[in-house]
Amino acid sequence: MDIFNAIIQVLDSTIRLSVPLLLACLAGLYSERAGIFDIGLEGKMLVGAFAGASAAAVFHSALIGLGTAILISVAFALVHGFASITHRGNQIVSGVAINFIAAGSTIILGQAWFQQGGRTPALQPGERFAAITWPGADAIKDVPIIGPIYAELISGHSILVYFAFAMVPFTWWVLFRTRFGLRMRAVGENPAAVDTAGISVAWLRYRALICTGILTGVAGAYLSMVQNGGFVKDMTAGKGYIALAALIFAKWKPVNAMFACLLFGFLDAASIRLQGSPLPLVGKVPAQFMQALPYVLTVILLAGFIGKAIPPRAGGVPYVKER
Amino acid sequence: MAQAAIELIGINKSFGAVRANRDINLEVARGTIHGIVGENGAGKSTLMSILYGFYQADSGEIRVGGKPVSISTSNDAIALGIGMVHQHFMLVDNFTVLENIILGAENDALLKSSIAKARSELDRLEREYGLEVDPDAVIEELPVGLQQRVEILKALYRGAEILILDEPTGVLTPAEADHLFRILKQLKEQGKTIVLITHKLREIMAITDTVSVMRQGTMVATRTTKETTVGELAELMVGRRVLLRVEKGESEAGAVKLSVKNLTVKDSRGVTMVDDVSFDVRGGEIVGIAGVAGNGQSELLEAISGIRHAVSGEVMLDGKPIDLTGKADPGELRDRGLAHVPEDRHHVGLVLAFEENENSILGYHDDERYLKGPFLDVDAIMADAKDKIEKYDIRPGNPRLKTANFSGGNQQKIVLAREMEQDPGVLIVGQPTRGVDVGAIEFIHKRLIAMRDQGKAVLVVSVELDEIRSLSDRILVMFAGRVVGERGPDATEGELGLLMAGVEHQEAAE
């Protein structure tokens, strides 16, 4: 049963580690499907994490923290929109700028407000999102196989985890079953078709970016208010980029995005679990190697194992009305 | 006269210093097909974009059904029953037909009811107008003719009573164009008003009731189609007399310069596109290859010019074979005197982002005339570009202008000047006048004949039957990858048309 328990634990942390990736990946899906490349997912998550932890610490409320995280993250998304939609700037440059501003401003403001070396105060219970225990989880905990699966994997996560996974079918539904989704997909492929159909390209893309902002806000809040008990500088640690990789890996499809993020989460979880324990055949491997593994695998997967990933055709190109 | 569906009164529109439309007046009667002709850049598309709400006029009045209206967005135009089929289709390529039809005309926030409505509505339109198309087909998998039909359906679905078509036949095969015209006539019979923008005069004569001619931003004349001639319209368009069929003497065919034997070429999917084709081109003659687009002409050209790999067969240039394995260096072929004007000037013939002078030496930039040691000799290149601009009447005559800013006809002249001025022994030309105005067509045809008269071997591939008949000394017809017949320049259109449709081919087999 030891191996079974180990697997359950790895899967449990897979879920926990996948959540910020999944939220960021779906966030990127909205903007990229609308034709806006968003390399600033990382930055928006970071400001979300900082804003969430700060507000939660000051107002002693997890919900206020979450709301603030979303608000600030959306604000940054709108800045990206203002630069790349209204002013037709380069989307990569704007995204990179947002990442820099996010990395710098969170540390400076954190230090100025809380004087803890860029950290926010440790969050108390009630200021964080607590784990939800599903009915009967404790009762069947000791039932073999099913017990641990229900109690560990399904039950016992925070509301944001369930929210993240619920966003997968929801995003699919929005994309393929609603007018907004149809138009959003169209504007990412051929904005001129949308324009001549009498729909505002700019307003459509702004709305997609607002969706992106909301999701990166939640992803940030998850990092600083669920996974961690407060904000630590640079706590996103490249997750925004991994999410972008997962998005390509998933070919811009929501359900694929979930599996891609679970895979990356699993690699992460496995590398933590296997740190320090000797592997068969190779023996003991340095911890750094295990930490690097998910990234190495990302490169390999993206380099050729996914077949042809065709991005939305109008992606990255500002829309200029012309004939 | 029937009531006017559209009246444009005193329309002016400028883009910066360019006056695209000046004091335009136009009246289109309800239930008629009205043609607007003019050279590229005459302001036809601008005028129609104003009517469709894509641009706003600087001054002037628009009346629809007798009432003055203000059209500031495409939505306003759609609400007034104006639909437009753009030259470059406004379709989302990876959407289905249904998704494209409902885009922007959805019933409510969810798609379900819109799709159901569109499906039944498409069914009705199909019955009423014979506009058949599979509603669940994905656009990029449909041939262009059907994609255009989807554009028309889109407009009709939105309740269009007035339909504007911008250069609708530019991308169509002759058969598809004929089908389009049948559809347009049917729409007219149902009371729709149609405005057809084109620079192909034959189409105007074939289908319109009235025609207006634009030149350099002004409306120069309006005629009843029955009472005018192609010659008169061409003269009005260009502002001078135009030769619609170039005059040329007998050809004096010399030695074989280009010889193609049993050439077979497959496309990237492995489908045989050129099937065992053999022919010769002699010095001093123009050989024209006619055929409906997609019957292997493009692949044939590409194989001869060393861009595409051939499966078997051989091609001899001046008696020596050229490499057909796909490793042939087009540069080496140029050195051996083979010049190639590709069919697709935008993607193959030119780098649109380059300046004119750069494009005018592209491919020949290693020639020592243009070099000073290891560097480009900018002065020599400029002088050379100016020389070509003068000789080929390329307008505007600015060698520093970005190539994308030239009109289609002038871009084509840039490519032709580059290839012809190298004095090649063999010239292969794909679609010499695609998207080119009447005036420039005349010029290009004269140039090609001058090449012939200098004793060069010229191979022309064109889907324009008129062009092939006007230029060629010998006509080869391709159908399904094979050369199905050879005719002289006096072959009738009907005879060639049958060959192009593969009819003769089947009879011969019986």
Side-chain angles (χ1 to χ4, degrees), chain A residues 29-30 32-35 90 169-205 207-208 210-211 250-254 256 307-315 317-323, chain B residues 15 20 41 43-50 52-55 71-79 82-96 98-115 118 139-140 150-151 154-155 157-158 164 166-167 404:
Chain A
L29 191 145
Y30 279 92
E32 299 219 344
R33 277 283 190 164
N90 186 304
F170 179 75
T171 299
W172 179 87
W173 180 79
V174 167
L175 220 47
F176 298 105
R177 288 290 180 273
T178 70
R179 175 173 63 192
F180 173 62
L182 179 81
R183 293 178 173 188
M184 193 172 79
R185 283 185 290 135
V187 84
E189 293 289 333
N190 186 357
V194 170
D195 195 15
T196 50
I199 309 162
S200 163
V201 171
W203 172 225
L204 199 50
R205 288 187 160 170
R207 277 183 291 169
I210 290 171
C211 297
K251 300 183 181 176
W252 295 268
K253 293 195 177 93
N256 290 1
K308 205 172 172 200
I310 303 165
R313 253 159 272 192
V317 188
Y319 177 59
V320 184
K321 189 187 243 189
E322 68 175 352
R323 298 196 49 97
Chain B
F15 295 103
K44 301 166 297 198
S45 293
T46 305
L47 187 66
M48 288 304 117
S49 295
I50 289 171
Y52 190 61
F54 221 57
Y55 294 139
I71 303 177
S72 52
T73 66
S74 304
N75 262 344
D76 296 341
I78 294 168
I82 300 172
M84 182 148 177
V85 175
H86 296 263
Q87 187 175 4
H88 304 288
F89 303 148
M90 296 297 175
L91 297 171
V92 182
D93 285 346
N94 57 3
F95 274 23
T96 64
L98 273 179
E99 286 176 318
N100 268 291
I101 300 262
I102 60 172
L103 181 66
E106 305 90 341
N107 297 346
D108 51 42
L110 300 184
L111 294 182
K112 212 173 165 192
S113 69
S114 310
I115 286 183
I139 293 295
E140 58 197 351
V150 176
E151 280 279 37
K154 238 170 93 177
Y157 183 73
R158 287 159 170 74
I164 306 166
D166 189 0
E167 301 283 2

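Throughout, a chain's letter reflects where its sequence line sits, starting with A, and its residues are numbered from 1.
Contact annotation for A:Arg185: both backbone and side-chain heavy atoms come within less than 4.5 Å of a heavy atom of chain B. Looking at B:Asn100, there are no atoms closer than 4.5 Å to chain A (heavy atoms on both sides), in backbone or side chain. Only the backbone of B:Phe89 comes within less than 4.5 Å of a heavy atom of chain A; no side-chain atom from C-beta onward does.
Using a 4.5 Å heavy-atom threshold, the side chains of B:Asn94 and A:Ile310 count as separate. With a 4.5 Å cut-off on side-chain heavy atoms, A:Lys253 and A:Arg33 count as touching. A:Arg313 places a side-chain heavy atom less than 4.5 Å from the side chain of B:Asp93.
For the residue pair A:Thr171/A:Tyr30, the side-chain donor-acceptor check at 3.5 Å is satisfied.
Comparing B:Leu91, B:Thr73, B:Ile78 by how many heavy-atom pairs each has under 4.5 Å with chain A, the most go to B:Leu91. Chain A forms more heavy-atom pairs under 4.5 Å with one residue of B:Val92, B:Asn75, B:Leu111 than with any other, namely B:Leu111. Options B:His88, B:Arg158, B:Glu140, B:Lys112 differ in how many heavy-atom pairs under 4.5 Å they form with chain A, and the most are formed by B:Glu140.
Take A:Arg177 and apply the salt bridge (charged side-chain N to carboxylate O under 4.0 Å, His left out) test, not counting sequence neighbours, and it matches no residue.
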